[in-house]
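Notes follow once the structure below has been shown.
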Amino acid sequence: MNFSTPITIALSKGRIFRDTLPLLERAGITPAEDADKTRKLILDTNHDNVKLVLIRATDVPTYVQWGAADFGVTGKDVLTEHGGEGLYEPLDLQIAKCQMWVAGFPDADLSLRRLRVATKYVRAARAYFAARGQQVEIIKLYGSMELAPIVGLSDIIVDLVESGNTLKANGLVPLEYMHDISSRLVVNKASWKMKHADCSVLVDRLREAVEGEK
Ligand code: ATP
Ligand code: MG
């Protein structure tokens with residue numbers, strides 16, 4: 001497979017890169033270097049026209065929205081908070097899977113009026129409580145949400161849970177399941193139109209790769 005136009009794919013280091021790598025390989029794209037071992041922000045691949053850019057997970061939708069990258073791989077959680085403007089989401093890559101939960105102390109009272117919710121996932125949390133008509137006070141944090149109930153910053157948290165070990169280590173438990181999270185392939189809307197042949201080949205290849213992983 002050859003690409004006739006330059007294609008840039010935005011990825012983040014760590015779990016997303018590790019889990020995307022086998023899918024890219026199956027789609028015939030091999031990075032020239034290991035993302036977790038380089039300080040470079042732009043990686044070449046075996047295709048002259050295909051480059052990977054390595055950025056913070058939360059910045060991936062922004063790069064793709066503005067066309068600084070044609071494609072990106074990003075968690076559904078990040079996509080929800082971004083809002084998805086300027087993007088299509090053609091494929092669930094079924095990687096970096098986890099769940100979003102309401103969590104807190106085992107005896108937390110979820111029926112409190114003006115329940116205080118600490119989270120990095122403000123939009124997701126607001127939508128969840130709005131859907132059941134509950135007024136909550138959302139406190140935006142950027143990490144270590146588990147600390148918030150312990151120090152009395154919030155009554156509960158909304159966070160991603162994989163094994164539950166981080167919650168447990170801090171005396172917290174998952175209280176209410178919200179939804180499943182996985183990483184998605186996103187594509188810039190203009191790229192999808194202007195570079196349609198190359199973009200659709202890549203999406204098809206990755207779709208086959210995802211099917212093949214099952
Ligand atoms: P940083 O850790 O640099 O603050 P981040 O938490 O957004 O950034 P990662 O920890 O690499 O970055 O997570 C990237 C994505 O992987 C998340 O957006 C989410 O979709 C998914 N993810 C996060 N935590 C877990 C987890 N415990 N298990 C599985 N997937 C997860
Ligand atoms: Mg993290």
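Read the numbers this way: they start at 1 and go in the same order the structure lists the ligands and their atoms. For reference, positions follow the sequence shown, starting with 1. Keep in mind it's a predicted model, so treat the numbers as computed, not measured.
Counting heavy atoms closer than 4.0 Å to ligand 1, residue M100 contributes nothing at all. Contact annotation for I181 and ligand 1: only side-chain heavy atoms (C-beta onward) come within less than 4.0 Å of the ligand.
Taking every heavy atom of V78 and a limit of under 4.0 angstrom, the matching atoms of ligand 1 come to 18 (O). Near D77, with a cut-off below 4.0 Å to any heavy atom, the atoms of ligand 1 are 17 (C), 18 (O), 19 (C), 20 (O). Ligand 1 places these atoms under 4.0 Å from at least one heavy atom of A57: 7 (O), 12 (O). Ligand 1 places these atoms under 4.0 Å from at least one heavy atom of G75: 20 (O).
Note: an N/O pair closer than 3.5 Å links R56 and ligand 1 by distance alone. Not one N or O of S183 is nearer than 3.5 Å to an N or O of ligand 1, by distance alone.
At least one side-chain heavy atom of L202 sits less than 4.5 Å from a side-chain heavy atom of I29.
Taking K40 as the reference, E33 meet the salt bridge (Lys or Arg N to Asp or Glu O under 4.0 Å) condition, with sequence neighbours excluded.
Taking CD1 of I150 as the start and CG of N170 as the end, the distance is 4.5 Å to the nearest 0.5 Å.
In the model, S4 has a side-chain atom that pairs as donor or acceptor with a side-chain atom of D198 under 3.5 Å.
For D36 against G14, the heavy-atom pair with the smallest separation is OD1-N, 3.1 Å.
Cluster note: W66 groups with no other residue, as no ILVMFWY side-chain heavy atom lies under 4.5 Å from it.
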